[in-house]
A.B. asks: 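Here it is: the structure, laid out below.
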Amino acid sequence: MPLTFHNTLTRRNEPFEPIDPGHVRMYVCGPTVYDRAHIGNARPVLVFDVAYRLLRLLYPKVTYVRNITDVDDKINARAIDSGRSIAAITEETTRHFHEDMAALGALPPDVEPRATAHIPHMIHMIETLIARGNAYEAGGHVLFSVPSDPNYGCLSGRSRDEMIAGARVEVAPYKADPADFVLWKPSTPELPGWESPWGRGRPGWHIECSAMSREYLGETFDIHGGGQDLVFPHHENEIAQSTCAHGKPFVRIWLHNGWLMVEGEKMSKSLGNFITVHDLLKQGVRGETIRLCMLSAHYHQPLDWTAEGVRQAKQALDRFYTALRGAPETPEPGPAPAEVVAALEDDLNTPRAIAALHERATALNKAGTPQDRARLKGELLAGGALLGLLSQDPDSWFKAAAAEGGPSVEEIETRIAQRRAARAARDFALADGIRDALLREGIVLEDSASGTTWKRSGG
RNA sequence: GGCGCGAUGGCAGAGCGGUGAUGCAACGGACUGCAAAUCCGUGUACCCCGGUUCGACUCCGGGUCGUGCCUCCA
């Protein structure tokens, strides 16, 4: 079955045909580094991480570029509010972002360009757009001329007139056309700025992605991704800038992930339901649980983040690791099961892929011979790896210390030994008392023919 | 106002013009000293109204509700 993606440009599923079958190129809009990553920021990272893993399985070479936006008015505002330097904020936030995404099992992209390291590239592209008649200087600003681009609106499916009719903002007086947008804007002395042919200033929001994707992926490349909210204006404007500057198509396939809700409401600071990845980790929700929860809905659908959803994701991982724990060592990882690959090839259908993993787990639990069990364990592991899951040692999964502490491994082992003695003496009241006490501390015991194993129930 | 998206069993969430999704939860059974885990089994699911069709949860039209973008936002 061929790889297909839902292309926002055509609003339908299309077979994926790389421009160069030997080298797939993908760009994803990364974070603006002014604050801790929230779970909404994590969704595209995880969705495109799965896309990256799948593409690497299917093609010999993949270049995945995800930018860091480190020049932005939100960053400037944060610097003024906090009294810290812009450099300190962007450096620290970038580090936190890397830590948080690593905790979610996201692979680093091949290239992670920072906007401030590519100002000359942006200036060069703006000069090209001016030279080609697609941009003009006005009042210290450089603006993209939307009427100069007959294809403007092709991604978001709205005409220039519709956009103006729907606009809820006052039109800046220096704009020749109400739909025009900023490529370069002047900076006051206290704001970050770079010398340019139009004076000291800073780039507009959209130009960095056009300049950096060109630098690392070329003028035309395969896949561009991001959140659905970026369709307009960000990606629409990127298309306008890049196609007008280069005179050729920009991107083959546009992928956009759906929005994330929290307990049925839009996540926002004012509602107080703003959840960062760091907060979840601190509460003892493990990165792998967050990851599975995030992938349990199709990327195109809205995802409602709930405590119940997190609990179900944890249950599912317990089930997988329980199946793996009891299976013999596998000599080789083996290929990912065809059902898992097929599900992901069908527009990254992660829920179906996870269902296929569950079927493997059931088969593993039922399998009789060590050979079958080893084979099925290998398949489950390989399928999990394609989704970035199940890479831990099962014992680590079950015995990892909870965030809030709990009894130590030594203490647990000691009490299990006491219980074993009580059971041997058929003092079941004492044995059950020990088990109940441990349960209250979040430790679940499981007796089997080969002895007693335990796991922590929280997180 | 303009442009989109969605509505599936107690919950989450896939899917297809005619056959079991899957998991969680519940209930019954096997196993267990009792549990836990595991396995087996059970449950009138497809928002409403029209239409197309031999047949629609699945296609088309209308409606209702929810939600997103149009302004910084993943």
Side-chain angles (χ1 to χ4, degrees), chain A residues 8 11 28-32 34-35 37-48 69 72-74 77 153 156-159 161-170 179 205 225-234 236 256-261 264-269 292-293 295-304 306 308-320 322-323 325-326 339 343 346 349-362 364-366 398 423 426-429 431-432 435-436 438-439 443-449 452-455 457:
Chain A
T8 309
R11 303 197 188 276
V28 175
C29 289
T32 300
Y34 70 103
D35 207 352
H38 56 70
I39 51 177
N41 300 121
R43 169 117 103 143
V45 172
L46 292 176
V47 164
F48 293 106
T69 298
D72 181 275
D73 287 348
K74 286 192 294 291
S156 55
R158 58 187 88 197
S159 71
D161 290 343
E162 285 169 352
M163 285 181 288
I164 294 164
R168 285 184 274 164
V169 268
E170 302 250 342
W205 174 33
Q228 216 150 50
D229 55 303
L230 296 180
V231 171
F232 187 86
H234 184 54
E236 192 71 72
H256 292 97
N257 62 274
W259 200 265
L260 191 135
M261 315 273 291
E265 289 182 306
K266 178 172 175 170
M267 183 168 64
S268 72
K269 287 187 173 165
L292 180 61
C293 194
L295 297 178
S296 65
H298 185 83
Y299 78 91
H300 211 253
Q301 299 296 121
L303 175 65
D304 192 12
T306 63
E308 172 61 15
V310 172
R311 192 194 65 78
Q312 290 193 8
K314 165 69 163 55
Q315 288 288 319
L317 285 168
D318 278 346
R319 184 168 190 271
F320 291 138
T322 299
R325 179 161 67 168
E339 295 93 326
D346 183 11
N349 193 330
T350 51
R352 217 173 90 203
I354 292 165
L357 249 36
H358 275 293
E359 284 165 356
R360 276 299 180 294
T362 302
L364 171 54
N365 286 332
K366 283 201 284 195
F398 287 119
R423 291 181 74 205
R426 302 198 66 79
D427 183 352
F428 294 119
D432 291 353
R435 185 174 63 199
D436 292 346
L438 281 169
L439 184 61
I443 308 300
V444 178
L445 301 189
E446 297 174 3
D447 297 328
S448 75
T452 299
T453 57
W454 61 273
K455 63 187 187 187
S457 62

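So that the names make sense, note that chain A is the first sequence line, chain B the second, and so on, each numbered from 1. Treat the numbers as computed from the prediction; the structure is a model and nothing was measured.
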A.B. asks: Tell me which nucleotide, if any, is Watson-Crick or G-U wobble paired with B:rU67 when both distances must be under 3.5 Å.
C.D. replies: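 Partner of B:rU67: B:rG4.
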
A.B. asks: What closest approach, in Å, do A:His298 and A:Thr350 show between heavy atoms, and which atom pair accounts for it?
C.D. replies: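 That closest heavy-atom pairing would be CA-OG1, 4.5 Å.
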
A.B. asks: Could you measure between the two P atoms, the one in B:rG50 and the one in B:rG2, and give it in whole Å?
C.D. replies: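 Those two atoms are separated by 29 Å.
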
A.B. asks: Rounded to whole angstrom units, what separation is found between the NE2 atom of A:His358 and the C1' atom of B:rA14?
C.D. replies: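 Checked: the NE2 to C1' distance equals 12 Å.
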
A.B. asks: Regarding A:Gly309, tell me which of base, sugar-phosphate or nothing describes its non-hydrogen contacts under 4.0 Å with the strands shown.
C.D. replies: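 If one applies the 4.0 Å heavy-atom cut-off, A:Gly309 turns out to touch nothing in the nucleic acid.
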
A.B. asks: My understanding is that a pair needs two contacts under 3.5 Å, Watson-Crick or G-U wobble. By that rule, which nucleotide pairs with B:rG18?
C.D. replies: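 Paired with B:rG18, as far as the under-3.5 Å criterion goes, is B:rC54.
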
A.B. asks: Between B:rU22 and B:rG4, how many Å separate the two C1' atoms, rounded to a whole number?
C.D. replies: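 It works out to 30 Å between them.
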
A.B. asks: Round to the nearest Å and state the distance from A:Leu292 atom CG to B:rC24 atom P.
C.D. replies: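 Rounding to the nearest Å, CG of A:Leu292 and P of B:rC24 are 12 Å apart.
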
A.B. asks: Restricting to non-hydrogen atoms, name the atom on A:Ile354 and the atom on A:Ser296 that form the minimum distance, rounded to 0.1 Å.
C.D. replies: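 Where A:Ile354 meets A:Ser296 most closely, the heavy atoms are CD1-CA, 4.0 Å.
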
A.B. asks: At less than 3.5 Å, do the side-chain atoms of A:Gln312 and the base atoms of B:rC11 form a donor-acceptor pair?
C.D. replies: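 Pair found.
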
A.B. asks: Please pick, from B:rA74, B:rC72, B:rA14, the nucleotide with the shortest atom-to-atom distance to any side-chain atom of A:Leu230.
C.D. replies: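 The listed nucleotide nearest to A:Leu230's side chain is B:rA74.
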
A.B. asks: So, for A:Ala431 and A:Arg423, which heavy atoms are closest and what is the spacing to 0.1 Å?
C.D. replies: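 Looks like CB-CG, 3.5 Å.
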
A.B. asks: Take the protein atom CE of A:Met267 and the nucleotide atom P of B:rC69, then report the distance between them rounded to whole Å.
C.D. replies: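 Whole-Å distance recorded here is 12 Å.
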
A.B. asks: Could you walk me through whether A:Glu339 and A:Glu359 pass the side chain to side chain contact (heavy atoms under 4.5 Å, CB included) test, one step at a time?
C.D. replies: CA-CA 10 Å; A:Glu339 295 93 326; A:Glu359 284 165 356; 5.6 Å; no

A.B. asks: Starting at the 5' end of nucleotides 32-43 of chain B, put B wherever the base has a protein heavy atom under 4.0 Å, S where only the sugar-phosphate does, and a dash everywhere else.
C.D. replies: -BBBBSSSS---

A.B. asks: In whole Å, what separates the C1' atom of B:rG17 from that of B:rC60?
C.D. replies: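 So the two C1' atoms sit 13 Å from each other.
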
A.B. asks: Select base, sugar-phosphate, or nothing to describe what A:Leu439 touches, counting heavy atoms under 4.0 Å on all strands.
C.D. replies: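 Counting heavy atoms under 4.0 Å across all strands, no contact is made by A:Leu439.
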
A.B. asks: About how many Å separate SG of A:Cys293 and CZ of A:Arg311, when rounded to the nearest 0.5 Å?
C.D. replies: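 Between A:Arg311 CZ and A:Cys293 SG, I get 11.5 Å after rounding to 0.5 Å.
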
A.B. asks: Any strand is fair game: report the nucleotide pairing with B:rC11 by Watson-Crick or G-U wobble, both distances under 3.5 Å, or none.
C.D. replies: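 WC or wobble partner is B:rG23.
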
A.B. asks: Hunt down the Watson-Crick or G-U wobble partner of B:rA37, both distances under 3.5 Å, from any strand shown, or write none.
C.D. replies: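 For B:rA37, the partner nucleotide comes out as none, under the 3.5 Å rule.
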
A.B. asks: Measure from CG on A:Leu295 to P on B:rA74 and round the result to the nearest Å.
C.D. replies: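 Nearest whole value for this atom pair: 19 Å.
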
A.B. asks: To the nearest Å, give me how far apart CG (A:Leu303) and P (B:rG68) are.
C.D. replies: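 So the two atoms are 14 Å apart, to the nearest Å.
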
A.B. asks: What is the distance from CD of A:Glu308 to C1' of B:rC24, rounded to the nearest Å?
C.D. replies: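 Atom-to-atom, A:Glu308 to B:rC24, this comes out as 7 Å.
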
A.B. asks: For atom P, what is the distance between B:rC5 and B:rG61, given to the nearest Å?
C.D. replies: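 Going atom to atom, P in each nucleotide, I get 12 Å.
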
A.B. asks: Return the minimal non-hydrogen interatomic distance between A:Ala316 and A:Leu292, and the atom names on each side.
C.D. replies: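 For A:Ala316 versus A:Leu292, the nearest heavy atoms are CB-CD2, 3.7 Å.
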
A.B. asks: When you compare B:rU19 with B:rC57, how far apart are their P atoms, in angstrom units rounded to a whole number?
C.D. replies: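 That atom pair is separated by 10 Å.
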
A.B. asks: What's the gap between B:rA12 and B:rC54 when it is taken at their P atoms, as a whole Å value?
C.D. replies: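 Pairwise P distance, B:rA12 against B:rC54, rounds to 38 Å.
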
A.B. asks: State, with a plain yes or no, whether a side-chain heavy atom of A:Asp229 is found less than 4.5 Å away from one of A:Trp259.
C.D. replies: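 With C-beta onward as the side chain, the pair touches.
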
A.B. asks: If you look at every strand shown and take non-hydrogen atoms under 4.0 Å, does A:His38 touch a base, only sugar-phosphate, or nothing?
C.D. replies: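 The residue A:His38 makes base contact.
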
A.B. asks: B:rC73, OP1 or OP2 - any side-chain N/O from A:Trp205 closer than 4.0 Å?
C.D. replies: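 Yes, within the criterion.
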
A.B. asks: Can you check the distance between B:rU53 and B:rU67, where both ends of the measurement are the P atom (answer in whole Å)?
C.D. replies: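 Rounded to whole Å, the distance is 38 Å.
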
A.B. asks: If you find the nucleotide of RNA chain B closest to A:Gly258 and the one closest to A:Asn349, which residue's nucleotide is nearer the 5' end?
C.D. replies: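 Nearer the 5' end of the strand: A:Asn349.
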
A.B. asks: When the distance from CD of A:Gln301 to C1' of B:rG68 is rounded to whole Å, what number comes out?
C.D. replies: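 Rounding to the nearest Å, CD of A:Gln301 and C1' of B:rG68 are 13 Å apart.
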
A.B. asks: When you compare B:rG28 with B:rG66, how far apart are their P atoms, in angstrom units rounded to a whole number?
C.D. replies: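 Per the computed distance, 39 Å lies between those P atoms.
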
A.B. asks: Would you give the length of the straight line joining atom OG of A:Ser457 to atom CG of A:Asp318, rounded to the nearest 0.5 angstrom?
C.D. replies: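 The CG atom of A:Asp318 is 9.0 Å from OG of A:Ser457, to the nearest 0.5 Å.
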
A.B. asks: Report the distance from atom CG of A:Asn257 to atom P of B:rG68, rounded to the nearest whole Å.
C.D. replies: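 For the pair A:Asn257 CG and B:rG68 P, the rounded distance is 15 Å.
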
A.B. asks: Drop me the distance from A:Gln312's CD to A:Arg319's CZ, to the nearest 0.5 angstrom.
C.D. replies: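 One gets 13.0 Å once the value is rounded to the nearest 0.5 Å.
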
